[in-house]
Amino acid sequence: MSESKIRRKAKAFDITLDAATGTTSTIALGDMAGGIVSLGTHNTNATELAVHVASASAGTYRALKDKDGTAVKVTISGATAAAYSLPDEVFAAPFVKLVLNNTAANGVTATVMAKG
């Protein structure tokens, strides 16, 4: 009897980050269950990525709140290149945008790596 193998999907998205929801890249995570966002070193004052979600790619994006009503965010540092885990709440939404908390970082590129 052969061993069972779990095969999972993996996707990588190159995105552009911005402090405005309308100009931040859309990330399709409908069939994903976990992931990280990887940023290179950048000299800005950005310290957070706010998570905004929608039911459709061109839909209305709203700030995601956890079960306690606290905004879901990813804390980042521009001091060194690093990868940051995406919060579990993100994967309940099919479309996500990561919005910077400082316009000095507008145009920073990142890679989202997701696994189904």
Side-chain angles (χ1 to χ4, degrees):
M1 176 185 278
S2 66
E3 292 183 38
S4 296
K5 292 184 181 181
I6 297 174
R7 293 193 167 100
R8 294 186 172 186
K9 292 182 190 180
K11 292 182 183 178
F13 305 91
D14 289 328
I15 62 170
T16 301
L17 300 173
D18 201 281
T21 306
T23 51
T24 295
S25 297
T26 300
I27 308 161
L29 293 177
D31 55 352
M32 297 290 113
I36 60 175
V37 58
S38 176
L39 287 95
T41 302
H42 54 281
N43 186 15
T44 71
N45 293 323
T47 58
E48 292 178 340
L49 299 173
V51 178
H52 291 245
V53 297
S55 60
S57 179
T60 300
Y61 284 81
R62 294 189 170 88
L64 178 62
K65 309 272 180 147
D66 66 14
K67 62 181 178 53
D68 298 320
T70 303
V72 176
K73 297 180 180 186
V74 177
T75 301
I76 62 171
S77 170
T80 58
Y84 305 92
S85 182
L86 292 173
D88 290 340
E89 293 91 348
V90 170
F91 298 96
F95 297 96
V96 175
K97 290 188 178 211
L98 300 175
V99 182
L100 291 162
N101 70 328
N102 190 301
T103 58
N106 283 355
V108 168
T109 58
T111 301
V112 173
M113 295 169 271
K115 207 167 194 186

Leu100 and Leu49: CA distance, side-chain angles, deciding distance, side-chain contact (heavy atoms from CB on, under 4.5 Å) verdict: CA-CA 5 Å; Leu100 291 162; Leu49 299 173; 3.5 Å; yes
Asp18 side chain to Ala20 backbone, donor-acceptor under 3.5 Å: yes
Lys9 (side chain) donor-acceptor with Gly116 (main chain) under 3.5 angstrom: no
Thr16 side chain vs Gly107 backbone, donor-acceptor pair below 3.5 Å: no
Smallest separation among heavy atoms of Pro94 and Ser55, with atom names: CG-O, 3.8 Å
Euclidean distance, Glu89 CD relative to Lys67 NZ, rounded to 0.5 Å: 8.5 Å
Co-membership, hydrophobic cluster, residues Val51 and Val108, 4.5 Å side-chain: yes
Main-chain N/O of Thr111 paired with Ser38 side-chain donor or acceptor, under 3.5 Å: no
Greater than 12 external heavy atoms within 6.0 Å of Asp66's CG: yes
Heavy atoms of other groups near Lys73 NZ, more than 12 under 6.0 Å: no
Thr47 versus Asn101, side-chain donor and acceptor atoms under 3.5 Å: yes
Cluster overlap Val112 with Val53, hydrophobic side-chain contacts below 4.5 Å: yes
Spatial distance of atom CG (Leu17) from atom NZ (Lys97) [nearest 0.5 Å]: 11.5 Å
Side-chain touch Ile15/Thr109, heavy atoms, less than 4.5 angstrom: no
Heavy-atom closest pair, residues Val37 and Ala110: CG2-CB, 4.0 Å
Hydrophobic cluster membership, Ile27 vs Leu64, 4.5 Å side-chain cutoff: yes
Same apolar cluster (I L V M F W Y, side chains within < 4.5 Å links), Val72/Val99: no
Heavy-atom side-chain proximity of Leu29 to Phe91 below 4.5 angstrom: yes
Hphob cluster co-occupancy, Met32 + Tyr84, side-chain heavy atoms under 4.5 angstrom: yes
